[in-house]
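The structure under discussion appears below in the form of structure tokens.
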Amino acid sequence: TSTTVIVGGSLAGLRTAQQLRAKGYDGTLTLIGAERHLPYDRPPLSKQVLLGEWPERQTYLVTAQQLAELRVDVRLGVAATGLDRGRRLVTLADGSRMAYEHLVIATGSRPRAIPKPAGAPHVHTLRTLDDARLVAAKLAPGRRLVIIGAGFIGCEVASSAVARGVVVTLVSREPVLMPQFGPRVSDYLMALHRGAGVDLALGVDVESIGQAAGEVASIELTDGRVLHGDLVVVGIGAVPNVEWLAGTQLAGPDGVRVSRHGQTVDAAIFALGDVSAWPCAGGSGFRRSEHWSHAVEQAKIVARAIVEGTSFDPGPAVSYAWSDQYGRKFQTVGQVSAALRQVVSANWATADRQRHCLYLDHQGLVTGGLFIDSARAAGQLRRALQGQAGPVRPDSLGA
Ligand code: FAD
């Protein structure tokens, strides 16, 4: 029988295994994960888990029994440390080797580290269930939290921590929040965060993180200010987990490059999820896009390619992501960028909730949008961009 080895026991790896079985794959399936946990979901970590709304077990994506029923052999708590493409062997941290016919790389990414002096207390990142458990346990009313980075993670942690009575300062090198969405969205977000009591220190970098008296971290900023935190959370981006692929020619600093079918330059090896860089729409380069629905969609493509080969058309990949902050749902669809022209809905300044910002190309056609509490409009744009109905004009969405 054939053998597929999937390295990375989280969303992308699990979904690939499930999709392979759903498509009738009958070979041996092994899922290797460095974490000791069964595959779990990360989006709730900065939301429901930090808010204390969900017990940890609610984040699990699957039970051991369901994996057994799918005939997936899971090896948890052991990392892959090397790959020999010539002999088609994966080496694991315990010294064992696994042979494959197809290999799936789904090792995700990890938080970018901030240089900090040894011994600075309570400096955390938020990527794993274990991280979330540590941070959640330290969120108590009146405690001071300094967040470094104003992307998805920084903004969500601020929202969750404030709800638990924590005194939050959000520091970012950029003068705006979630810079990729442009100034209008940032203005809206700033008002939300400030309205909830978050102190924003924007356009300023961290000079150093040290230890003040006791267990308190002191964060020196480039403008000379010094902040004190009982807790620091750093969210300044992520880097792909590719070290185990050293010497294989499969990975670079931007992750593992793949074709539209998720195939690497080695026809027996596929990659998906946060570790992988897929071709950009329009054929201009490769991009790692670290969002939940991308891993899920890519798993369908990779599983199909393993079962059927790569002659099918995987269709257009329309980006989709979301964020929850202060009880509001943000959804982004398609290509959004601060560099594109932005048109906000007529009610942008007045509506309490439902509103959106569209992103237009140089012809005035919609490439994507950011939607606030407007799931219907978000769904409409997603279908329009996925379909063959032709270009999407801004007035078709009521902007
Ligand atoms: P990962 O989830 O990173 O999983 C990779 C797994 O591989 C990990 O378990 C890792 O330990 C393991 N691994 C790494 N190296 C090895 C090795 N050498 N051998 C074996 N195993 C290895 N996306 C959204 O769209 N919306 C959201 O609201 C959202 N919220 C998020 C909140 C948080 C706090 C985080 C961290 C992410 C969030 N995301 C969100 C992003 C989303 O969770 C990721 O895109 C998704 O987890 C990617 O799945 P993945 O399986 O590719 O990678």
Side-chain angles (χ1 to χ4, degrees), residues 5-17 30-51 59-61 74-83 90-94 98 103-112 124-133 135-136 147 149 151-157 159-160 178 233-235 237-246 251 255-256 258 262 270-278 288-299 302 319-325 329-333:
V5 171
I6 302 172
V7 183
S10 186
L11 179 67
L14 171 69
R15 286 289 194 259
T16 306
T30 305
L31 184 65
I32 296 162
E35 294 183 72
R36 355 172 234 100
H37 300 285
L38 281 169
Y40 61 87
D41 221 7
R42 291 178 209 279
L45 300 183
S46 48
K47 308 174 184 78
Q48 292 87 346
V49 173
L50 285 196
L51 284 165
T59 65
Y60 282 89
L61 291 164
V74 241
R75 303 204 43 191
L76 298 175
V78 59
T81 52
L83 167 64
V90 176
T91 310
L92 305 188
D94 61 9
M98 305 211 60
L103 174 68
V104 177
I105 299 170
T107 43
S109 59
R110 63 177 182 276
R112 188 185 303 282
H124 296 271
T125 50
L126 186 63
R127 180 81 202 172
T128 65
L129 193 47
D130 297 345
D131 296 337
R133 181 185 298 161
V135 172
I147 300 168
F152 279 99
I153 302 275
C155 287
E156 289 185 4
V157 172
S159 161
S160 299
M178 301 183 74
V233 173
V234 180
V239 290
N241 292 319
V242 294
E243 288 68 17
W244 67 284
L245 298 169
V256 179
V258 294
F270 294 79
L272 78 163
D274 282 13
V275 74
S276 62
W278 289 59
R288 237 162 34 82
S289 58
E290 303 170 85
H291 297 300
W292 191 94
S293 73
H294 299 183
V296 170
E297 293 304 317
Q298 290 163 0
V302 165
S319 176
Y320 173 79
W322 78 94
S323 176
D324 298 308
Q325 297 171 38
K329 180 156 276 315
F330 295 77
Q331 292 169 296
T332 75
V333 174

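What you see below is based on every heavy atom in this structure, not just the backbone, and it leaves out hydrogens, waters and symmetry mates. Indexing begins at 1, ligand by ligand and atom by atom, following the structure's order.
Of all the listed residues (Asp324, Thr128, Leu11, Thr125), Leu11 holds the heavy atom that lies closest to atom 49 (O) of ligand 1. When the options Tyr320, Trp292, Trp322 are ranked by their closest heavy atom to atom 26 (N) of ligand 1, first place goes to Trp322. Ranked by closest heavy atom to atom 21 (N) of ligand 1, the top entry among Ser293, Ala34, Ala106 is Ala34. Checking Ala238, Ala80, Pro39 against atom 19 (N) of ligand 1, the nearest heavy atom belongs to Ala80. Around atom 40 (C) of ligand 1, the closest heavy atom drawn from Ala93, Gly8, Pro43, Gly9 belongs to Pro43. Looking at Arg42, Glu156, Arg36, Arg127, it is Arg42 that brings a heavy atom closest to atom 8 (C) of ligand 1.
In this structure, the side chains of Val104 and Val7 stay at 4.5 Å or more apart for every pair of heavy atoms. Counting only heavy atoms from C-beta outward, the side chains of Tyr320 and Val296 never approach each other to under 4.5 Å. Counting only heavy atoms from C-beta outward, the side chains of Val275 and Val242 approach each other to under 4.5 Å. Counting heavy atoms from C-beta on, the side chains of Trp244 and Thr107 come closer than 4.5 Å. Contact annotation: the side chain of Leu31 never approaches that of Arg75 to less than 4.5 Å [non-hydrogen atoms, C-beta and beyond].
Looking only at atom types and distance, the side chain of Ser46 has a donor-acceptor partner in the side chain of Glu156 under 3.5 Å away. With no hydrogens or angles considered, a side-chain donor-acceptor pair links Tyr40 and Glu35 at under 3.5 Å. Ser319 and His294 share a side-chain donor-acceptor pair at under 3.5 Å. Between His37 and Asp130, the side chains place a donor N or O and an acceptor N or O closer than 3.5 Å (distance only, hydrogens not considered).
In this structure, the protein non-hydrogen atom closest to atom 13 (N) of ligand 1 is Thr107 O, 3.8 Å. In terms of protein heavy-atom proximity, atom 52 (O) of ligand 1 is nearest to Asp274 N, 2.9 Å. When hydrogens are left out, the protein atom nearest atom 36 (C) of ligand 1 is Leu126 O, 3.7 Å; that is the closest non-hydrogen contact. Scanning the protein for heavy atoms near atom 28 (O) of ligand 1, the closest one is Lys47 NZ, 2.6 Å. Closest to atom 53 (O) of ligand 1 among all protein heavy atoms lies Gly108 CA, 3.3 Å. From the protein, the heavy atom lying nearest to atom 41 (C) of ligand 1 is Glu290 O, 3.8 Å. Of the protein's non-hydrogen atoms, Ala12 N, 2.8 Å is the one closest to atom 51 (O) of ligand 1. Distance from atom 6 (C) of ligand 1 to its nearest protein heavy atom, with residue and atom name: Ser10 CB, 3.7 Å.
Here the options are Gln325, Glu290, His291, the test is side chain to side chain contact (heavy atoms under 4.5 Å, CB included), and the partner is Phe152; only His291 passes.
Neither the backbone nor the side chain of Arg110 comes within contact range of ligand 1; no heavy atom lies under 4.0 Å. Proximity of Asp41 to ligand 1, defined as any heavy-atom pair under 4.0 Å, is not found for any part of the residue. Residue contacts with ligand 1 for Ile153 involve side-chain atoms from C-beta outward but no N, CA, C or O (heavy atoms, distance under 4.0 Å). If you look at Ser109 next to ligand 1, the close heavy atoms, those under 4.0 Å, all belong to the backbone.
The contact set between ligand 1 and Gly273, taken as ligand atoms under 4.0 Å from a residue heavy atom, comprises 52 (O). Within ligand 1, counting atoms from 1 as listed, the ones closer than 4.0 Å to a heavy atom of His291 are 23 (N), 25 (O), 45 (O). Close approach of ligand 1 to Val7 is summarised as follows: ligand atoms under 4.0 Å from at least one heavy atom of the residue are 19 (N), 20 (C). Below 4.0 Å from some heavy atom of Asn241 lie the following atoms of ligand 1, by number and element: 14 (C), 15 (N).
Not a single heavy atom of His294 lies less than 4.0 angstrom from ligand 1.
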Practice problem: Show your reasoning for whether side chain to side chain contact (heavy atoms under 4.5 Å, CB included) applies to Trp322 and Lys329. | Solution: CA-CA 7 Å; Trp322 78 94; Lys329 180 156 276 315; 3.5 Å; yes
Practice problem: Start with the C-alpha gap between Asp274 and Trp292, add the side-chain angles, then the distance that decides, and say whether side chain to side chain contact (heavy atoms under 4.5 Å, CB included) holds. | Solution: CA-CA 9 Å; Asp274 282 13; Trp292 191 94; over 6 Å; no
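In this structure, Arg288 contributes its side chain and Ser109 its backbone to no donor-acceptor pair below 3.5 Å.
Salt bridge Asp131/Arg42: absent, no basic N to carboxylate O contact under 4.0 Å.
Below 3.5 Å of separation, one finds no N or O of Ser46 facing any N or O of ligand 1. Residue contacts with ligand 1: Ala321 is placed with no nitrogen or oxygen under 3.5 Å of a nitrogen or oxygen of the ligand (distance criterion only).
Not counting sequence neighbours, the partners of Ala34 by the side-chain contact (heavy atoms from CB on, under 4.5 Å) test are Ala79.
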